[in-house]
Amino acid sequence: MCGIVGIVGKSNVNQALYDALTVLQHRGQDAAGIVTSHDGRLFLRKDNGLVRDVFHQRHMQRLVGHMGIGHVRYPTAGSSTSAEAQPFYVNSPYGITLAHNGNLTNVEQLAKEIYESDLRHVNTNSDSEVLLNVFAHELAQRGKLQPTEEDVFAAVTDVHNRCVGGYAVVAMVTGYGIVGFRDPHGIRPIVFGQRHTDEGVEYMIASESVSLDVLGFTLIRDLAPGEAVYITEDGKLHTRQCATNPSLTPCIFEHVYLARPDSIIDGVSVYKARLRMGEKLAEKILRERPQHDIDVVIPIPDTSRTSALELANHLGVKFREGFVKNRYIGRTFIMPGQAARKKSVRQKLNAIELEFRGKNVMLVDDSIVRGTTCKQIIQMAREAGAKNVYFCSAAPAVRYPNVYGIDMPSAHELIAHNRTTQDVADLIGADWLIYQDLSDLIEAVGGGKIKIENFDCAVFDGKYVTGDIDEHYLAKIEQARNDASKVKTQAVSAIIDLYNN
């Protein structure tokens, strides 16, 4: 769930990159980085923290150049050392920097190949650095002093042939241009657009269209699965399909939770998709309990608000804001350790008692992952005087881990793993729990003007679109992602960062 951006402009792009990263901050709160290019030299600033904390005036003044890329990160394996903040850099060939959103599922094989065959050194545990070295090696194989767009696209083709997983990438070839590309399944989102200035046309590549909107760029389109876009330093745009058998199967969880509602992904409005999720939930409620006694629908801020509003409209019941959110607390499902999550939920939300007292309340959330958050929220509703507390998930039951770049926990930490809906309801303390049906979710997201037939729904159905995920792989990520491992890794990372600083 990282955020990436690249800009080729006609004047310094440091402020535009900074602004784009603040818009993409919801995609990663662990670390941020920007690298720019000017007169054949690179200028880099990256560190742990939010965008506003990583970049101060002195840093911005040094980030000169008309071309650059940026990244906001959260870790998929629990590490938060600043050594893994992006963009990454490799000096050969040309000097290449790269930022990546997603996860490579064959990273161990690639790391071995890089060392034994490509004769390259990888300095971190990040698959993004592995991806950078694969791209750099394949570009070097062209043997050109000055790479052309044909060389860049040939290198991307070779990356697709070697790398497996979900990935959206921006890379800068120092002195030559910026390339963006997407995995052959189109799992992670990436778009590009342009804006006209007095000096000429500027181009931008980003994870979500909203970042283009805010900066005054016009969306051209999403990159197709397997496609690459190359923008030269002087502002010439080239695109090419670089995969042999591309097939669009985007991650459906982007629409459920990850993306901002004002983004458009693969031609689908996230906002409208969430409206349709609310409609589908209302229809299911009316099928199961046509004589329901729901007095009020209350969203759990913020992602579920759109679905909850449409749910209330279709049920013909009141919609109320029953929780006040402290916006300075980060997303809880990516926090390692149950104790940290439990503490942060109480800090993040506070109930408005008058909206709960003596009422049958339907709480709506975008999804249920660990169940820690919703259990506490249900308890807060009861303490505020609710008569009955019902709970509604705009997504189906999350039963399987994500392997393509979302830091969902290990399978056994997912509350719905190997449990029935009633089991989950009992565990979280709900009087009634209703999940979205997967078929309804697919129709809600893919049933707009732009028809998408297939999605990566692995977190719901356990079907991994790359075809290389087996029990052995899942066991490895189970070990890497469980809470005990994350807490230990973060402690080591903190010591390393303290030593380095």
Side-chain angles (χ1 to χ4, degrees), residues 3-25 32-46 51-52 54-72 87 89 94-99 146-153 168-181 190-223 227-240 262-264:
I4 58 174
V5 60
I7 299 177
V8 176
K10 298 299 180 181
S11 59
N12 285 332
V13 296
N14 51 358
Q15 186 63 53
L17 289 167
Y18 176 95
D19 292 342
L21 291 183
T22 61
V23 176
L24 296 172
Q25 186 74 83
I34 290 175
V35 61
T36 58
S37 173
H38 180 65
D39 287 341
R41 294 189 61 191
L42 294 174
F43 301 88
L44 172 66
R45 167 63 180 171
K46 61 179 182 176
V51 174
R52 69 185 182 211
V54 171
F55 302 102
H56 301 148
Q57 185 175 358
R58 65 184 184 277
H59 305 127
M60 297 298 289
Q61 289 174 337
R62 290 197 293 266
L63 292 171
V64 296
H66 299 178
M67 179 172 70
I69 63 175
H71 187 265
V72 287
Y89 165 74
Y94 315 116
I96 301 174
T97 48
L98 179 144
Q146 296 181 335
T148 65
E149 65 270 19
E150 296 296 331
D151 299 319
V152 170
F153 291 141
V169 176
V170 288
M172 181 167 63
V173 184
T174 308
Y176 293 101
I178 288 179
V179 58
F181 57 92
I190 183 170
V191 300
F192 66 103
Q194 64 181 13
R195 70 179 177 187
H196 295 270
T197 69
D198 293 339
E199 292 80 18
V201 180
E202 300 180 321
Y203 291 97
M204 178 175 174
I205 307 167
S207 291
E208 292 185 36
S209 64
V210 63
S211 55
L212 276 68
D213 298 339
V214 171
L215 272 71
F217 283 77
T218 300
L219 174 68
I220 295 175
R221 59 180 174 85
D222 300 77
L223 278 179
E227 188 183 20
V229 56
Y230 178 55
I231 306 158
T232 61
E233 190 174 33
D234 60 357
K236 292 182 175 62
L237 181 133
H238 309 269
T239 61
R240 181 77 54 83
D262 44 349
S263 282
I264 297 173

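In what follows, residues are counted from 1 in the order of the sequence shown.
Residues passing the ring-ring contact (aromatic ring centres under 6.0 Å, His included) test with F55: none are found, sequence neighbours excluded. Evaluation of the ring-ring contact (aromatic ring centres under 6.0 Å, His included) rule for Y94 yields Y176 as partners, not counting sequence neighbours. With sequence neighbours excluded, no residue satisfies side chain to side chain donor-acceptor pair (under 3.5 Å) with Q25.
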- Task: I would like to know whether Y89 and V35 meet side chain to side chain contact (heavy atoms under 4.5 Å, CB included); could you show each step before the answer?
- Result: CA-CA 9 Å; Y89 165 74; V35 61; over 6 Å; no

- Task: Check the pair T97 / L44 against side chain to side chain contact (heavy atoms under 4.5 Å, CB included), numbers first and verdict last.
- Result: CA-CA 10 Å; T97 48; L44 172 66; over 6 Å; no

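A heavy-atom distance below 4.5 Å is not found between the side chains of S11 and E199. Side-chain contact between V229 and L237 is present, with heavy atoms from C-beta onward closer than 4.5 Å. Put simply, the side chain of I69 does not reach to within 4.5 Å of the side chain of I4, judged on heavy atoms.
Remark: side-chain polar atoms of N12 are not paired, donor with acceptor, to backbone N or O of H66 under 3.5 angstrom. Counting only distance, with no hydrogens or angles, the side chain of T36 and the backbone of V64 share a donor-acceptor pair below 3.5 Å. Panel note: side chain D262, backbone V210; no donor-acceptor pair is recorded below 3.5 Å.
Contact record, A16 with R195: CB-NH2, 4.4 Å, taken as the closest heavy-atom pair.
Taking a 6.0 Å sphere around NZ of K236, one finds it holds 12 or fewer heavy atoms contributed by other residues, nucleotides or ligands.
Of the candidates V51, V23, V54, V51 is the only one forming a side chain to side chain contact (heavy atoms under 4.5 Å, CB included) with V72.
At a cut-off of 3.5 Å, with distance as the only test, a side-chain donor of D151 or T148 sits close to an acceptor on the other residue.
Using the six-membered ring where Trp is involved, F153 and Y230 have ring planes that are perpendicular, over 60° apart on the 30 and 60° scheme.
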